[in-house]
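A short write-up of the structure that comes next.
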Amino acid sequence: MYLCDSHTHTRISFDSTASLSDMMAAAVQAGVQELCITDHCDLLDGDGKPTLTFPWQEALDQYHGRGDAPLTVRLGLELGSAPYNPQAARAILAQAGEELDFVLGSLHNWIGAQNNQDFYFTNFTADPGLCRQAVENALSHTWALVKEYPDCYDSLAHINYPLRYMARDGQHLTLEPFQDQVEEIFRQVAAIGHALEVNTCRGMSLEEWLPLLRWFKDCGGEYVTVGSDAHQPEHMALGIPEALELLREAGFSHVTTYQGRRPVLHKL
């Protein structure tokens, strides 16, 4: 089993205080063979305000100064809300040059509704209608990402992201009522040879991925990345071994990492 974590954060992200060296040390301790740092670059902040830059010099300085460790370390980016401003998204990616290995495409925010705020800040308590609107908003812009801006991502990050905060607020929605929309997205991802991410949310999100993986497989999907979404060293690789078992159960034979924005397959 190839133990890899392709969704992690450092102090370059607004919601992490971890150094790259500490994340690398945690990865080694957890037995991780390949680590990808994917710091946040959200084109909309939590309040919905545009943030159209990324501190590449700081990120590259950290990456170049990482030192030696008995694991592979890749440079990635979690690019959020690319459909909001695809020109800015493309400009940010171009600034990284050839050193960028991997891009996660994520949607943390409403777009065109609820003041573009992060789903995290939405109160879903006792409002099933709002829950449905949130999923529909997220899926419509996910479709835009995969159909119109495929160069702005390599792997589709946590497609179930809004559901986290519905569950927090006592609303337990799944993507099953939206299967047709999700499968349309998955067919497009598969058709262009991109990946789906299994995001374990630091080991707290696992079982719900099995039906999604099966849908992706049925839609022709080949590439799957796995990530813990660790923002601190103590969360490194949590749920990753279980995620790899889910891939196997869903019929996949490999897990995918990226180098130079190209997929690399590793046998499960």
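Here the structure is a predicted model, which means the values were calculated and not measured. Quick note: numbers below take in every heavy atom, side chains included, and nothing from hydrogens, waters or symmetry partners.
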NZ/NE/NH1/NH2 to OD/OE distance under 4.0 Å, Glu245 and Arg248:
yes

Over 12 foreign heavy atoms within 6.0 Å of CG, Asp61:
yes

So if you build clusters from Ile, Leu, Val, Met, Phe, Trp, Tyr with side-chain heavy-atom gaps below 4.5 Å, do Leu93 and Tyr258 land together?
no

4.5 Å side-chain heavy-atom contact, Arg74 and Thr257:
no

Applying side chain to side chain contact (heavy atoms under 4.5 Å, CB included) to Leu77 and Thr38, what does each step give before you reach the verdict?
CA-CA 4 Å; Leu77 188 73; Thr38 53; 5.9 Å; no

Enter the distance from Glu222:CD to Phe216:CZ here, rounded to the nearest 0.5 Å.
9.0 Å

Is any side-chain heavy atom of Cys4 closer than 4.5 Å to one of Ile240?
no

Pairs satisfying ring-ring contact (aromatic ring centres under 6.0 Å, His included), at least one member in residues 38-59, at least two apart
His9-His40, Phe14-His40, His40-His108, His40-His231, Phe54-Trp56

Ion pair present between Glu184 and Lys147, side-chain N to carboxylate O less than 4.0 angstrom?
no

In this structure, would Phe119 and Leu212 fall into the same cluster of hydrophobic residues linked by side-chain contacts under 4.5 Å?
yes

Quick check for you: to the nearest 0.5 Å, what is the distance between His141 atom NE2 and Leu107 atom CG?
8.0 Å

Please say whether the positively charged group of Arg168, taken as NZ for Lys or CZ for Arg, lies over the ring of Tyr165, i.e. under 6.0 angstrom from the six-membered ring centre and within 45 degrees of the axis.
no

Rounded distance [0.5 Å steps], CG in Leu75 versus CD1 in Ile37:
9.0 Å

Same cluster or not: are Leu238 and Val32 linked, directly or through other Ile, Leu, Val, Met, Phe, Trp or Tyr residues, by side-chain heavy atoms under 4.5 angstrom apart?
no

More than 12 non-hydrogen atoms from neighbouring residues, nucleotides or ligands closer than 6.0 Å to CG on Asp68, yes or no?
no

Under 6.0 Å from the CD atom of Gln179, do we count more than 12 heavy atoms belonging to anything else shown?
yes

Ser140 OG to Ile185 CD1 distance, which is reported to the nearest 0.5 Å
8.5 Å

Over all heavy atoms of both residues, which pair between Val198 and Trp209 is shortest? Give the atoms and the distance, please.
CG1-CG, 3.7 Å

Check the side chains of Asn137 and Gln133 for a donor-acceptor pair under 3.5 angstrom, ignoring hydrogens and angles.
no

Please assess Leu35 against Met24 for the test side chain to side chain contact (heavy atoms under 4.5 Å, CB included), listing each intermediate value before the final yes or no.
CA-CA 8 Å; Leu35 170 67; Met24 289 169 58; 4.0 Å; yes

Closest non-hydrogen contact found for Ala157 with Leu104 is CB-CD2, 4.0 Å

Would you call Val255 and Leu268 a side-chain contact if the rule is heavy atoms closer than 4.5 Å?
yes

Of all heavy-atom pairs linking Gly239 and Leu206, the shortest is O-CD2, 3.6 Å

Please check if atom NZ in Lys217 has more than 12 non-hydrogen atoms from other residues, nucleotides or ligands closer than 6.0 Å.
yes

I'd like to check Glu208 versus Thr174 (side-chain heavy atoms, cut-off strictly below 4.5 Å). Are they in contact?
no

Please check if any side-chain donor atom of Tyr161 sits under 3.5 Å from a side-chain acceptor atom of Asp118, or the reverse.
yes

Using 30° and 60° as the class boundaries, would you call the ring planes of Tyr2 and His266 parallel, tilted or perpendicular?
parallel

Side chain of Gln33, backbone of Leu3: donor and acceptor closer than 3.5 Å?
yes

Quick one, Val146 and Tyr153 - any side-chain contact, counting heavy atoms below 4.5 Å?
yes

Say whether Phe124 and Met204 are linked into one hydrophobic cluster, either directly or through other cluster members, by side-chain heavy-atom distances under 4.5 angstrom.
no

Are Val264 and Val189 connected, step by step, through hydrophobic side chains (Ile, Leu, Val, Met, Phe, Trp, Tyr) whose heavy atoms are closer than 4.5 Å?
no

Identify the two heavy atoms, one from Ala195 and one from Val224, that lie closest to each other, and give their separation to 0.1 Å.
CB-N, 4.3 Å

Side chain to side chain contact (heavy atoms under 4.5 Å, CB included) for Phe102 and Thr225? Distances and angles first, verdict last.
CA-CA 11 Å; Phe102 180 51; Thr225 65; 4.0 Å; yes

Please find the pair of heavy atoms, one from Ala82 and one from Ala89, that lie closest to each other, and give the distance.
CB-CB, 4.0 Å

Taking all non-hydrogen atoms of both residues into account, name the closest pair between Asp154 and His194 and its distance.
O-CB, 3.4 Å

If you define the side chain from C-beta out and look only at heavy atoms, does anything of Asp47 sit under 4.5 Å from Asn115?
no

How far does CD1 of Ile12 sit from CD of Gln62, to the nearest 0.5 angstrom?
4.5 Å

CA sep, side-chain torsions, deciding dist, call: Ser106, Glu78, side-chain hydrogen bond (donor to acceptor under 3.5 Å, both in side chains)
CA-CA 7 Å; Ser106 66; Glu78 183 179 5; 3.2 Å; yes

Which of Asp127, Thr122, Asn123 passes side-chain hydrogen bond (donor to acceptor under 3.5 Å, both in side chains) with Thr125? Answer is Asn123

Determine whether Val135 and Leu175 satisfy the following criterion, side chain to side chain contact (heavy atoms under 4.5 Å, CB included), listing intermediate values before the conclusion.
CA-CA 8 Å; Val135 174; Leu175 290 178; 3.9 Å; yes

Does any N or O in the side chain of Arg66 come within less than 3.5 Å of the main-chain N or O of Tyr63, such that one atom is a donor and the other an acceptor?
yes

Give a yes or no on whether the backbone of Cys36 and the side-chain of Thr8 come within a donor-acceptor separation of less than 3.5 Å.
yes

Indicate whether any N or O donor in one side chain lies under 3.5 Å from an N or O acceptor in the other, for Asp5 and Ser228.
yes

So, do Arg214 and Glu249 sit near enough that their side-chain heavy atoms are less than 4.5 Å apart?
yes

Tyr223: ring-ring contact (aromatic ring centres under 6.0 Å, His included) partners, not counting sequence neighbours
none

Side chain proximity check, Glu136 to Phe178, heavy atoms < 4.5 angstrom:
yes

Give a yes or no answer on whether the side chain of Arg132 reaches the backbone of Leu173 with a donor-acceptor pair at less than 3.5 Å.
no

Closer than 3.5 angstrom, by distance alone: can the side chain of Arg202 be matched with the main-chain N or O of Asp229 as a donor-acceptor pair?
yes

Rounding to 0.5 Å, atoms SG (Cys201) and NE2 (His235) come to a distance of 9.5 Å

